A.B. asks: 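Below you'll find the structure I mean.
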There are 2 protein chains.
Amino acid sequence: MNYSSLPFNRISKSSPSLKVCLESVEKSNNLKLTNSHRVFHAKQSLFSAGEQFEGLYILRSGSAKSFITSLDGEEHITKFFYPGDLLGVDGFDRHVYMENVLFLETSSVCLVKESDLNSLVKNNDDFRNCLLRSMSQSLINDSAMMMCLSAYSSEQKVACFILELSKRFSSHGLCGREFSFSMTRTDIANNMGMALETVSRVFASFQQKELICVHNRQVSILDIDALRCIASTDRFTARENTNLHFNNRNNIRQDNCCVK
Amino acid sequence: MNYSSLPFNRISKSSPSLKVCLESVEKSNNLKLTNSHRVFHAKQSLFSAGEQFEGLYILRSGSAKSFITSLDGEEHITKFFYPGDLLGVDGFDRHVYMENVLFLETSSVCLVKESDLNSLVKNNDDFRNCLLRSMSQSLINDSAMMMCLSAYSSEQKVACFILELSKRFSSHGLCGREFSFSMTRTDIANNMGMALETVSRVFASFQQKELICVHNRQVSILDIDALRCIASTDRFTARENTNLHFNNRNNIRQDNCCVK
DNA sequence: CGGCTCTTTGACCTAGTTCAAAGCGCGTGG
DNA sequence: CCACGCGCTTTGAACTAGGTCAAAGAGCCG
């Protein structure tokens, strides 16, 4: 997939992409980012909590997850990253990265070194706005995520997760109706604050209701409106049509499924 | 309480306060913030989601809460604010505030208008760094909060909540061992993703174990190490000494309590 | 004093976790 | 090319932490 063919103007207006911003900066200014591109493979680490802050990374392709570790060693996945996303913003505060980042698949990143960063933020209006807007957006997303974690039922959580992924993919010009995710069920469960068994059961339940179709990590959305409805329905209404443990008796599977 | 007497140097190094930063900027530059101070009372609104972005607010005294509303009208409190905190950063993205802010008690804020903001970020290194660090810090806090919401038991959540408040108060030069909070049990429950009854029960349980002492909204911490231990203990260990519903039979109350 | 909101406490109940075991897909090495 | 092993996923059955419902107390203010 060639990203340069995407309608970036529209995207950069609705949700700023530093990647795009940088590309324009790179062309018009004397900034050289050519040596700062690197490729990583699945399970490789970009940086770990405690490491010296070296600058921001922009994910160019692939995907990654960030996680923090509690005092007792438990890990929590805070976010999944897709092309255009910014990595390492948590390092501004103490000049030390506060999160760990692992790649989920073969990916490439571009480093904006701290030195370049300072002058960019200072002198380049576009870049500065992009950065502030991107951080602002992250804070808003965090709020939504917190609400999701604290108040949503399992079905709502999974519906939100799928819809969010769909949104991500389509905003990058990919198909938002049919895609495959790069994280495991365990990752999803950890990120959404539920047990992996529950994730599995909700997927099965959604499939049984013909809202989605899942094979391994390939998903296709069959009824996006129903998903949106579940995601935005309060718990009392949602409860009526929910019985995770017992509604998957008459297995509906590969048969009526659109992906093969 | 006169904030100007606080040891701000130390604070601004460990965790940047835009308030302090602004004060120095105000003195050394030609910036006028004198007309931008306003006082609000409990339950008054600073701004609501959807309103035009006018700039950032710095809380000078008092306290506030921010909340977002889900599609079905449910509210979720995303954060509580104390003096020195920054309000309105969520407006950078779309030039519209994305959250609602209500004051919990009589408070005063200082508005940094958008016009001033731009030149400050552009030209004032201290301010720019303060802002970036503050936003970075918020993102880190959000991560911690998400982990808390998604993986912690009720006791862990409440322990974290109390410890966080304690940290906040002592970082502002107030007593971190004995303070009163300005939010209701319902607010705490909403923010921490639990039922208000559970909050009440955990408080009772902590009091019964002589970790804290609560009267209405006045708390004093009796055993901060034990609280820290609870907050950082994994669920398996924590479970052994937990039985919220039945361990408050022999009521221990005002008798052995340090606040009267 | 009456009415209000907030908080506590009790009793019950269920959504989702935990534990256990089997199934599946995929890469590796023989 | 098959067999084995390993990591991931699914499914079942039992259990429990915490939510929900209900009712009573407590503080506060006009």
Side-chain angles (χ1 to χ4, degrees), chain A residues 42-43 74 104 149-158 180-190 192-208 214-219 230 234-254, chain B residues 42-43 74 104-105 149-158 180-190 192-208 214-219 234-254:
Chain A
K43 297 186 185 177
E74 212 170 331
L104 296 172
L149 288 173
S150 78
Y152 285 14
S153 71
S154 296
E155 293 214 327
Q156 286 182 290
K157 285 177 178 176
V158 174
S180 67
F181 41 74
S182 44
M183 65 290 281
T184 65
R185 296 282 189 280
T186 310
D187 283 345
I188 300 173
N190 180 305
M192 300 306 289
M194 42 202 290
L196 81 150
E197 293 93 333
T198 310
V199 174
S200 187
R201 277 186 251 266
V202 175
F203 272 130
S205 145
F206 282 177
Q207 170 142 298
Q208 200 267 341
V214 216
H215 289 115
N216 310 319
R217 304 194 186 166
Q218 179 82 20
V219 190
I230 289 175
D234 69 356
R235 274 173 290 173
F236 304 100
T237 331
R239 193 175 298 149
E240 292 166 17
N241 42 323
T242 305
N243 197 335
L244 282 186
H245 286 72
F246 303 108
N247 60 7
N248 199 16
R249 282 289 147 76
N250 40 346
N251 284 32
I252 301 183
R253 291 302 213 102
Q254 280 81 341
Chain B
K43 297 186 183 176
E74 212 169 330
L104 297 170
E105 59 189 311
L149 287 173
S150 79
Y152 286 13
S153 70
S154 295
E155 294 215 327
Q156 287 182 289
K157 284 176 178 176
V158 174
S180 67
F181 40 74
S182 44
M183 65 289 281
T184 65
R185 297 281 189 278
T186 309
D187 283 344
I188 300 174
N190 181 304
M192 301 306 289
M194 42 203 289
L196 81 151
E197 293 94 331
T198 309
V199 174
S200 188
R201 277 187 251 267
V202 175
F203 272 130
S205 144
F206 282 177
Q207 169 143 295
Q208 200 268 342
V214 218
H215 288 115
N216 308 320
R217 301 191 189 167
Q218 179 81 20
V219 190
D234 68 357
R235 273 172 292 175
F236 304 99
T237 332
R239 193 175 300 149
E240 291 166 17
N241 41 325
T242 303
N243 198 335
L244 284 187
H245 288 73
F246 304 109
N247 61 5
N248 200 15
R249 282 289 148 77
N250 40 348
N251 284 31
I252 300 183
R253 291 301 210 106
Q254 279 80 342

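Here is the naming used below: chain letters follow the sequence lines, and residue numbers restart at 1 for every chain. Scope of the values below: all heavy atoms of this structure, side chains included, with no hydrogens, waters or symmetry mates. Please read these numbers as outputs of a predicted model, since none were measured by experiment.
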A.B. asks: Separation of B:Glu155 atom CD from D:dG19 atom P, in whole Å?
C.D. replies: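 Between P of D:dG19 and CD of B:Glu155: 13 Å.
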A.B. asks: Please state how far atom CD in A:Gln207 lies from atom P in D:dT10, giving the value in whole angstrom units.
C.D. replies: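 About 9 Å, once rounded to whole Å.
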A.B. asks: So which nucleotide from C:dT17, D:dG19, D:dT11 ends up closest to the side chain of B:Arg201?
C.D. replies: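 From the listed options, D:dG19 comes nearest.
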A.B. asks: Determine whether A:Val202 and A:Lys157 make a side-chain contact, defined as any pair of heavy atoms from C-beta on separated by less than 4.5 Å.
C.D. replies: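 In short, these two side chains do not touch, never coming nearer than 4.5 Å.
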A.B. asks: Give the rounded distance in Å between these two atoms: CD of A:Glu74 and C1' of C:dT17.
C.D. replies: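 Rounded to whole Å, this separation is 13 Å.
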A.B. asks: Is there a donor-acceptor pair under 3.5 Å between the side chain of A:Gln218 and the backbone N or O of A:His215?
C.D. replies: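 No, the answer is negative, given that no donor and acceptor are paired below the 3.5 Å cut-off.
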A.B. asks: What heavy-atom pair brings A:Gln207 and A:Val214 nearest, and what distance separates the two atoms?
C.D. replies: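 Looks like OE1-N, 2.6 Å.
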A.B. asks: If you measure from CZ on A:Arg201 to CD on A:Gln208, what distance do you get to the nearest 0.5 Å?
C.D. replies: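 Here the interatomic distance stands at 15.0 Å.
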A.B. asks: How close do B:Ser182 and B:Arg217 get, counting heavy atoms only, and between which atoms?
C.D. replies: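 Minimum heavy-atom separation between B:Ser182 and B:Arg217: O-NH1, 3.3 Å.
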A.B. asks: Taking CD from B:Gln208 and P from C:dT8, how many angstroms apart are they, rounded to a whole number?
C.D. replies: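 About 15 Å, once rounded to whole Å.
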A.B. asks: Kindly indicate, with the supporting measurements, whether the criterion side-chain contact (heavy atoms from CB on, under 4.5 Å) is fulfilled by A:Thr184 and A:Asp187.
C.D. replies: CA-CA 5 Å; A:Thr184 65; A:Asp187 283 345; 3.4 Å; yes
A.B. asks: Roughly what angle, to 10°, lies between the helix axis at the start of the helix from C:dC1-D:dG30 to C:dG30-D:dC1 and the one at its end, five pairs per end?
C.D. replies: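 The two end axes of the helix from C:dC1-D:dG30 to C:dG30-D:dC1 meet at 40°.
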A.B. asks: Which pair of non-hydrogen atoms, one from A:Gly193 and one from A:Leu149, has the smallest distance, and what is that distance?
C.D. replies: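 Result for this residue pair: N-CD2, 3.9 Å.
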A.B. asks: Please tell me if the side chains of B:Val219 and B:Phe206 come closer than 4.5 Å, counting only heavy atoms from C-beta onward.
C.D. replies: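 A side-chain contact is absent here, since even the closest heavy-atom pair is not under 4.5 Å.
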A.B. asks: Just how far, in rounded Å, is C1' of C:dC6 from CD1 of B:Ile188?
C.D. replies: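 Answer to the nearest Å: 12 Å.
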A.B. asks: About how many Å separate OG1 of B:Thr198 and CG of B:Leu196, when rounded to the nearest 0.5 Å?
C.D. replies: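 B:Leu196 CG to B:Thr198 OG1: 8.0 Å, rounded to 0.5 Å.
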A.B. asks: Report the distance from atom CE of B:Met194 to atom C1' of D:dT20, rounded to the nearest whole Å.
C.D. replies: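 Value for this atom pair: 15 Å.
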A.B. asks: Nearest-Å distance, CE (A:Met192) to C1' (C:dG16)?
C.D. replies: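 It is 15 Å, rounded to the nearest whole Å.
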A.B. asks: OP1 or OP2 of C:dG16 sitting under 4.0 Å from any side-chain N/O of A:Ser154?
C.D. replies: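 Yes, within the criterion.
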A.B. asks: Grab the CD-P distance between B:Glu197 and D:dG18 for me, whole Å please.
C.D. replies: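 The answer, rounded to whole Å, is 14 Å.
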A.B. asks: Pull out every protein N or O sitting under 3.5 Å from an N or O of nucleotides 6-9 of chain D, one pair per line with the distance.
C.D. replies:
| residue | atom | partner | partner atom | Å |
| --- | --- | --- | --- | --- |
| D:dT9 | OP2 | A:Arg185 | N | 2.7 |

